[in-house]
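Below, all heavy atoms of this structure are taken into account, side chains as well, without hydrogens, waters or symmetry copies.
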Amino acid sequence: MDARVAACTACHGEQGRAGNDGYYPRLAGKPQEYLYQQLLNFRDGRRQYRPMQHLLVNLPDDYLREIAGYFAEQHVPYPPPVPANASPALLEQGRVLALHGDAARGLPACAACHGAELGGMLPAIPGLLGLPRDYLVSQVGAWQNARRQALAPDCMAEVATRLTPEDLSAVSAWLASRPVPAAYAAEPAGSTTLPLTCGSQAQR
């Protein structure tokens, strides 16, 4: 397995703990089904990043599921968060959106899908803490531009299109500034009713 994942850890860091530049996200400890679906999404063209597509193009499903399982079982410490370069007002706006959403605009809270502690939800919703601000912005932007997609119905794409640039700046700044709790883990499947129907979460 070490040889199999060597191409992954070259960018995503030892044990998938994240790349040094903040561009390659952490893989360690994320739900296996989420990681597996992202590998399929890259391989099958729903996520656009040519180096990943090149690596995965000829790999079978079972092989990718084993890779996802390996990284899901890696539990390594998170580094401390980078201090937020944002005003208190912007951080407060991000906190409110992340934890409460904006009902007037039909915008669900991040916590409504990613869990009360933002650690994700099994089988396929990842945690949001421990990710750099620039990475969060780039991924939501990819959804907004249809360069990142998930299995239909693509609930994250629906949420992304409702976010204004200010919303995204606020939420990403607040999430990136939060320390990761010691007992950070995805919540059990079905622990809450999701506000939107998500095709990826329905898969097993």
With distance as the sole criterion, is a donor-acceptor pair present between the side chains of [X] and [Y] under 3.5 Å?
{"X": "R47", "Y": "Q38", "result": "yes"}
{"X": "R43", "Y": "Q53", "result": "no"}
{"X": "T9", "Y": "R17", "result": "no"}

Take atom [atom1] of [X] as the centre, draw a 6.0 Å sphere, and report whether it contains more than 12 heavy atoms from other residues, nucleotides or ligands.
{"X": "E66", "atom1": "CD", "value": "yes"}
{"X": "Q74", "atom1": "CD", "value": "yes"}
{"X": "N85", "atom1": "CG", "value": "no"}
{"X": "D44", "atom1": "CG", "value": "yes"}
{"X": "N145", "atom1": "CG", "value": "yes"}
{"X": "H54", "atom1": "NE2", "value": "no"}

Atom [atom1] of [X] and atom [atom2] of [Y]: how far apart are they, to the nearest 0.5 Å?
{"X": "L35", "Y": "I67", "atom1": "CG", "atom2": "CD1", "answer": "10.5 Å"}
{"X": "L40", "Y": "R46", "atom1": "CG", "atom2": "CZ", "answer": "6.5 Å"}
{"X": "F71", "Y": "Y34", "atom1": "CZ", "atom2": "OH", "answer": "14.0 Å"}
{"X": "R95", "Y": "L175", "atom1": "CZ", "atom2": "CG", "answer": "12.5 Å"}
{"X": "L64", "Y": "Q37", "atom1": "CG", "atom2": "CD", "answer": "12.5 Å"}
{"X": "L151", "Y": "C198", "atom1": "CG", "atom2": "SG", "answer": "11.0 Å"}

Between [X] and [Y], which heavy-atom pair has the shortest distance, and what is it?
{"X": "P195", "Y": "P108", "value": "CG-CB, 3.7 Å"}
{"X": "T197", "Y": "C155", "value": "O-CB, 3.6 Å"}
{"X": "P31", "Y": "A186", "value": "CG-CB, 4.1 Å"}
{"X": "A176", "Y": "P81", "value": "O-CB, 3.5 Å"}
{"X": "A112", "Y": "T192", "value": "O-CG2, 3.8 Å"}
{"X": "A86", "Y": "A173", "value": "CB-CB, 4.0 Å"}

Can you list everything that forms a side chain to side chain contact (heavy atoms under 4.5 Å, CB included) with A18? Sequence neighbours excluded, please.
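So A18 forms a side chain to side chain contact (heavy atoms under 4.5 Å, CB included) with R26.
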Taking a hydrophobic cluster as the set of Ile, Leu, Val, Met, Phe, Trp and Tyr residues connected by side-chain heavy atoms closer than 4.5 Å, whether directly or through intermediates, do [X] and [Y] fall within one such cluster?
{"X": "Y24", "Y": "V82", "result": "no"}
{"X": "V57", "Y": "F42", "result": "no"}
{"X": "V137", "Y": "L163", "result": "yes"}
{"X": "Y23", "Y": "W143", "result": "no"}
{"X": "V171", "Y": "L196", "result": "yes"}

Indicate yes or no for a side-chain donor-acceptor contact from [X] to the backbone of [Y] under 3.5 Å, with no hydrogens or angles considered.
{"X": "Q15", "Y": "H75", "value": "no"}
{"X": "S172", "Y": "L168", "value": "yes"}
{"X": "E187", "Y": "G115", "value": "no"}

According to the disulfide (SG to SG under 2.5 Å) rule, which pairs have a member within residues 33-131, sequence neighbours left out?
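Matches after skipping sequence neighbours: none remain.
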D154 side chain reached by M156 side chain, heavy atoms, under 4.5 Å:
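Result yes, sub-4.5 Å side-chain heavy-atom pair found.
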Lys/Arg N to Asp/Glu carboxylate O, R65 vs D62, below 4.0 Å
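Salt bridge between R65 and D62, a charged N being under 4.0 Å from a carboxylate O: no.
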Taking only Lys NZ, Arg NE, NH1 and NH2, and the carboxylate oxygens of Asp or Glu, determine whether R105 and D167 approach each other closer than 4.0 Å.
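Yes, R105 and D167 are salt-bridged.
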For side-chain contact (heavy atoms from CB on, under 4.5 Å), just list the numbers for L97 and W174, CA-CA rounded to whole Å, side-chain angles, deciding distance to a tenth of an Å, and then say yes or no.
CA-CA 10 Å; L97 289 172; W174 186 80; over 6 Å; no
Go through the steps to decide whether Y184 and Y78 satisfy the test ring-ring contact (aromatic ring centres under 6.0 Å, His included), and finish with yes or no.
CA-CA 10 Å; Y184 190 62; Y78 283 82; 5.7 Å; yes
